[in-house]
Protein chains: 2
Amino acid sequence: MTRIGSRTTGRPTLAEVARLSGVSPITASRALRGISTVAPALVEKVITAAASLGYVANPAARALASARSHSVVVLIPSLSNQLFIDTLEAIHEVLRPRGMEVLIGNYHYDAAEEEDLIRNYMAYQPCGMLLTGFDRSDAARQMLQASGVPCVHMMELGDSEKAISVGFSQIEAGRAAARHLLESGRKRLAFVAAQLDPRVMQRAEGFRQVLAEAGKSAPELELLAPQLSSIGLGGELFSDLLAKAPDVDGIFFCNDDLAHGALLQALRQGVDVPGRVAMVGFNDLPASAHMVPPLTSIRTPRAAVGRGAAQALLALLDGKQVAVSRQDLGFELVVRESSC
Amino acid sequence: MTRIGSRTTGRPTLAEVARLSGVSPITASRALRGISTVAPALVEKVITAAASLGYVANPAARALASARSHSVVVLIPSLSNQLFIDTLEAIHEVLRPRGMEVLIGNYHYDAAEEEDLIRNYMAYQPCGMLLTGFDRSDAARQMLQASGVPCVHMMELGDSEKAISVGFSQIEAGRAAARHLLESGRKRLAFVAAQLDPRVMQRAEGFRQVLAEAGKSAPELELLAPQLSSIGLGGELFSDLLAKAPDVDGIFFCNDDLAHGALLQALRQGVDVPGRVAMVGFNDLPASAHMVPPLTSIRTPRAAVGRGAAQALLALLDGKQVAVSRQDLGFELVVRESSC
DNA sequence: GGGTAATAAGGTAGCGCTGTCCCAGGACAC
DNA sequence: GTGTCCTGGGACAGCGCTACCTTATTACCC
């Protein structure tokens, strides 16, 4: 029966566990939370009693009494990107076994929406937050600061010692792509991007640096589309680029979706890849290895970032000082046929 | 400063809102919850006061006092499948504006894990649950039943009047694929599947029915791989199938990932699609329209299912009897070059 | 052996809301 | 004018936990 209107939950409470194990509720609470001042014999008794009753602590009561929940808020700019799915999954894997609840906020690459999410999620008194990158509104930054909720930043590396970050250097990734294309003999290099978030722009920056160093800067070969990235858009941008600059012989795409679209478009148009133009993607999504030809891409440690960020947060909560405030997990250029 | 150890949250409380607006806390509570027994003038005063203080209700206190939270638990079998991402996103879109929190549980196509998730999430006293399909352990079913939490089932259609479902007929989808391939003149039809969840098996069933009705049953042309589906696997299964049964001239893949892998493999092997063999996918992921050749696929109303399920749940919570307990949102066969 | 210091357990009192009574006062019928 | 309803608003208590303080009990030193 639905107990609508009832004030009790019908579930076993801490008091019942305490009664069954012959201790006071506080001792039971401490035993279940693993607080060391309880005698091992009692701890065992309490745990047995809890198990036999099927007791699960009421998170609402817990949060109310301690002014701190066991929720971790994760803010990501997009769900439709496979990238963040892998990260989320890894975060769950680390936090759930530790009894943490994961609240996901998708702000659709919109600073105002992120701010709003932060304001709302603060009401849940989260015990920690995992944020994507460092780029956010001043108001958002202030709310985070004022709340005192521990934060870990994902995907980028911060410059300050205070902000904890787990990720890799987006600039270096851009540099690696450019270097690889130059080393394989390409001379007219293009950068094609959509969804111009800060990380994309950092990769662009790295790419530009290497071109400049090699005396091969070509700002006219940069295609920066503000709209959401997609396979279809990748095909269009590729066609546009080739029409505009037929001498292009190497392209770095800001993500694999665009690159996949371009590869398929090249197939349709009969453009030889890598013969006429080499392509490099970013993220190394599962499909990249199976494209025709297989796509060279920069493999990003998406799952590792999620795991690392979650673990760093747990360490913060345990009061340990996090050893490295800037955890660089690197990336890997996976060279395949599309760029040889 | 982190207020570790403090018992209060430092955030404005209902009592402060009440004081500022000159009413009692209960009246303030009622006003903010939109309970009609409060005079309009007072309601406005309370809302103004709340806004000026930046008051956001403490969900933990709320859940504790009413023995019911504002969380909705969504259980899905996989996150790595784009399919469920679209559904989740739509659910969020409907529930967040109504002040509901969405808790996501991914059970990785594992019944025991789903059961575990249900047990744990019950502690949050969710006000509703959105479930994927009907296939779950008896223990899980019993917990759901006993808890009295309103449930809506997604993706499949139930047979009972009591279980509320929003989805489409998986069997009909399988039938549609088979019918289309037969109508375009194909004679030796294969079914290729991985990740054999109940919905995949229902599509298989529909596919078989039509073949049987046309006297074209070919059980030897069914490839059922239990492992997780992926692009790579699609390619492998396609090669295997072609080697084993060179006379196959039409294939229905249980999802687009497999079909994409097969299309790419066909390109590599120089197998003419649709000349030698026609292909039909399922889900119509964004990439399908851009494949070479473009992939015929069955477009599933993923977002609509999420929206519909969330709205049905809201209706249930408002005490409205849901008009249709079985909401069939249909599907659409999108015919493209791969099957013509 | 008495004093101090640690240690283990419990008592008490909320955390911030809302369900459940209850009461005041106006509308209405007789 | 009295009784009955209804309606808007408030008092009260308690949801199930944990922070804080207090009290027993032991350990250990000089």
Side-chain angles (χ1 to χ4, degrees), chain A residues 2-46 50 53-70 99 122-125 127, chain B residues 2-46 50 53-70 99 122-125 127:
Chain A
T2 8
R3 295 155 292 83
I4 287 185
S6 162
R7 304 208 62 178
T8 55
T9 60
R11 319 176 86 260
T13 70
L14 186 62
E16 291 169 49
V17 175
R19 208 174 307 129
L20 185 58
S21 43
V23 299
S24 73
I26 317 90
T27 303
S29 167
R30 287 198 271 245
L32 291 172
R33 280 182 293 156
I35 289 179
S36 54
T37 63
V38 182
L42 284 189
V43 172
E44 199 182 335
K45 249 202 275 186
V46 171
L53 288 173
Y55 171 77
V56 183
N58 181 329
R62 189 168 259 200
L64 186 58
S66 64
R68 198 131 270 18
S69 75
H70 286 207
M122 278 307 169
Y124 290 95
Q125 301 166 178
C127 62
Chain B
T2 7
R3 294 157 291 82
I4 286 186
S6 162
R7 304 208 62 177
T8 54
T9 59
R11 320 175 83 259
T13 71
L14 186 62
E16 290 168 49
V17 175
R19 208 174 308 131
L20 185 59
S21 43
V23 299
S24 74
I26 316 89
T27 303
S29 167
R30 287 198 270 247
L32 291 172
R33 281 182 293 158
I35 290 180
S36 56
T37 63
V38 182
L42 284 189
V43 171
E44 198 182 336
K45 248 201 275 187
V46 171
L53 287 173
Y55 171 78
V56 182
N58 181 328
R62 191 169 257 199
L64 186 59
S66 64
R68 203 142 243 34
S69 75
H70 286 206
M122 278 306 169
Y124 290 95
Q125 300 166 178
C127 62

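Residue numbering restarts at 1 for every chain, and letters A, B, ... go by the order of the sequence lines. No experiment lies behind these values; they were computed from the predicted model shown.
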Worksheet, complete the sentence: B/Thr13 and B/Tyr55 have their tightest heavy-atom pair at C-CE1, 3.5 Å
Item to complete: Apply side chain to side chain donor-acceptor pair (under 3.5 Å) to A/Arg62 and A/Ser66, showing your working.
Response: CA-CA 6 Å; A/Arg62 189 168 259 200; A/Ser66 64; over 6 Å; no
Item to complete: Rounded to the nearest angstrom, tell me the gap between atom CG in B/Leu64 and atom P in C/dT18.
Response: 11 Å
Worksheet item: Within the structure, does a side-chain N or O atom of B/Thr37 lie under 4.0 Å from either OP1 or OP2 of D/dG8?
Response: no
Worksheet item: For the helix from C/dG1-D/dC30 to C/dC30-D/dG1, what is the angle between the axes at its two ends, each from 5 pairs, rounded to 10°?
Response: 40°
Discussion item. Check this for me: does the side-chain of A/Arg30 come within 3.5 Å of the base of C/dG10 through a donor and an acceptor?
Written reply: yes
Discussion item. In this structure, how many angstroms lie between the C1' atom of D/dT7 and the CD1 atom of B/Ile35, rounded?
Written reply: 15 Å
Discussion item. With rounding to the nearest 0.5 angstrom, report the OH to CG distance, B/Tyr124 to A/Asn58.
Written reply: 10.0 Å
Worksheet item: Separation of A/Arg68 atom CZ from C/dC15 atom P, in whole Å?
Response: 17 Å
Practice prompt. Describe the nucleic acid contact of B/Arg33 in one word from base, sugar-phosphate, nothing, applying a heavy-atom distance below 4.0 Å.
Written response: sugar-phosphate
Practice prompt. Mind checking the OG1-CG spacing from B/Thr27 to B/Leu14? Nearest 0.5 Å is all I need.
Written response: 9.5 Å
Discussion item. With a cut-off of less than 4.0 Å, is there a side-chain N or O of B/Ser29 near OP1 or OP2 of C/dC17?
Written reply: no
Item to complete: To the nearest 0.5 Å, tell me how far B/Lys45 NZ sits from B/Leu42 CG.
Response: 5.5 Å
Worksheet, complete the sentence: From CG of A/Leu53 across to C1' of D/dG16 the rounded distance in Å is 15 Å
Worksheet item: From D/dC20, C/dG16, D/dA11, pick the nucleotide closest to the side chain of A/Ile26?
Response: D/dC20
Worksheet item: Do the side-chain N or O atoms of A/Tyr124 get closer than 4.0 angstrom to the phosphate oxygens (OP1, OP2) of C/dG16?
Response: no
Worksheet item: What's the shortest heavy-atom distance between B/Val23 and B/Ala28, and which atoms?
Response: CG2-N, 4.0 Å
Discussion item. What is the separation between atom CG on B/Leu32 and atom C1' on C/dC17, rounded to the nearest whole Å?
Written reply: 12 Å
Discussion item. Would you compute the distance between atom CZ of A/Arg19 and atom CG of A/Leu53 and round it to the nearest 0.5 angstrom?
Written reply: 9.5 Å
Discussion item. Is there a side-chain contact between A/Ser24 and the phosphate of C/dG10, meaning an N or O under 4.0 Å from OP1 or OP2?
Written reply: yes
Response to the item:
Atom CD of A/Gln125 and atom P of D/dT18 are separated, to the nearest Å, by 14 Å
